[in-house]
Amino acid sequence: MSSPADSAKVTTATLRAKKAQRQRITALTAYDHLLATLLDRAGVDVLLVGDSVATVVQGRDTTVPVTMDQMVYHCELVGRAAQRALVVGDMPFLSYQVGPEDALRNAGRLLKEGLAEAIKLEGGAPFAATVQRLVDAGIPVMGHLGLTPQSIHQFGSYRARGQDASEQQRIVDDARTLEQAGAFALVLEKVPAALGQQIAEALSIPVIGIGAGPHTDGQILVTHDLLGLFTRFRPRFVRRYAELGTAIEQAVADYCRDVREGSFPAAGESY
Ligand code: KIV
């Protein structure tokens, strides 16, 4: 649980201060009010309403199909739950790729209707003007480099990125470009630990890793992975802190058995 000393609302400035003070940032995904309330109470710094809602909750194969309206809906559920954590809304595929004005309108929806306090988008240099446009309009932007799942159909696989020198250099250059464009933080996904360290050291903004090794300024995981609720696939970077999927199946099997046997409800559970 978070201690009273760190119960103050987390802002983008808090994250910058944490990096300066070498305090690691904690981040997790959230898509609904109930889980977001629990995560917030447990003291996580950042709640990302990720477009991973598509694969984790909607049962889709990729993050591509999730819509802007759906992201606004999930953001609002989480936004109302978060007392302390910074709420970041993910921009879904094609909500920002068309151009900066389109991106501004959609990012604005995540803040106005979805109660997000910042947005995240995938991609580097090609989106620098968009990042700048949003930041100029007062919308904090978190970048996302390395493995960028919205581009799955371009890359054809979810393999680790930054495997050769030229790809590593492009990610470093993109990271610097996003920082210069005004991004307040960067998610770095599935890259070698040494590259994670290099980028965290090169940037003044916080770098939050997912499969980017232990030297980034913070870590993010998909909550349903961490809790053992999502088990369709398990990247190497996931550490399971609970097996709630198994616990739920067992609880439901026990309930079905008790109903079928007639042992539920008991006298004390009846009126
Ligand atoms: O959508 C998401 O959950 C994400 C995280 C994996 C960083 O982008």
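Counting starts at 1 for both ligands and their atoms, in listed order.
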Under 4.0 Å from one or more heavy atoms of Thr29, ligand 1 contributes atoms 3 (O)
Can you tell me the protein heavy atom closest to atom 2 (C) of ligand 1 and the distance?
Ser52 OG, 3.2 Å
Protein heavy atom at shortest distance from atom 5 (C) of ligand 1:
Leu48 CD2, 3.8 Å
Under the salt bridge (Lys or Arg N to Asp or Glu O under 4.0 Å) definition, can you give me all pairs with a residue in residues 109-127, not counting sequence neighbours?
Lys9-Glu117, Asp69-Arg109, Asp90-Lys120, Arg109-Glu113
Do Gln250 and Asp254 pair up side chain to side chain, a donor and an acceptor below 3.5 Å, judged on atom types alone?
yes
For Gly50, counting its heavy atoms only, list the atoms of ligand 1 lying under 4.0 Å from any of them.
1 (O), 2 (C), 3 (O)
The atoms of ligand 1 lying under 4.0 Å from a heavy atom of His144, numbered in the order shown, are 8 (O)
Tell me yes or no: between the side chains of Gln163 and Glu167, is some donor less than 3.5 Å from an acceptor?
no
CA sep, side-chain torsions, deciding dist, call: Val49, Leu77, side chain to side chain contact (heavy atoms under 4.5 Å, CB included):
CA-CA 10 Å; Val49 186; Leu77 301 181; over 6 Å; no
Protein contact to atom 6 (C) of ligand 1 [nearest heavy atom, distance to 0.1 Å]:
Ile210 CD1, 3.6 Å
In the protein, which heavy atom is nearest to atom 1 (O) of ligand 1, and how far is it?
Asp51 OD1, 2.9 Å
From the candidates Glu189, Met142, Lys120, the one that places a heavy atom nearest atom 8 (O) of ligand 1:
Lys120
Passing candidate, side-chain contact (heavy atoms from CB on, under 4.5 Å) with Leu188, options Leu147, Val207, Ile208
Val207
Which residues pass the side-chain contact (heavy atoms from CB on, under 4.5 Å) test with Phe264, not counting sequence neighbours?
Tyr255, Asp258, Val259, Glu269
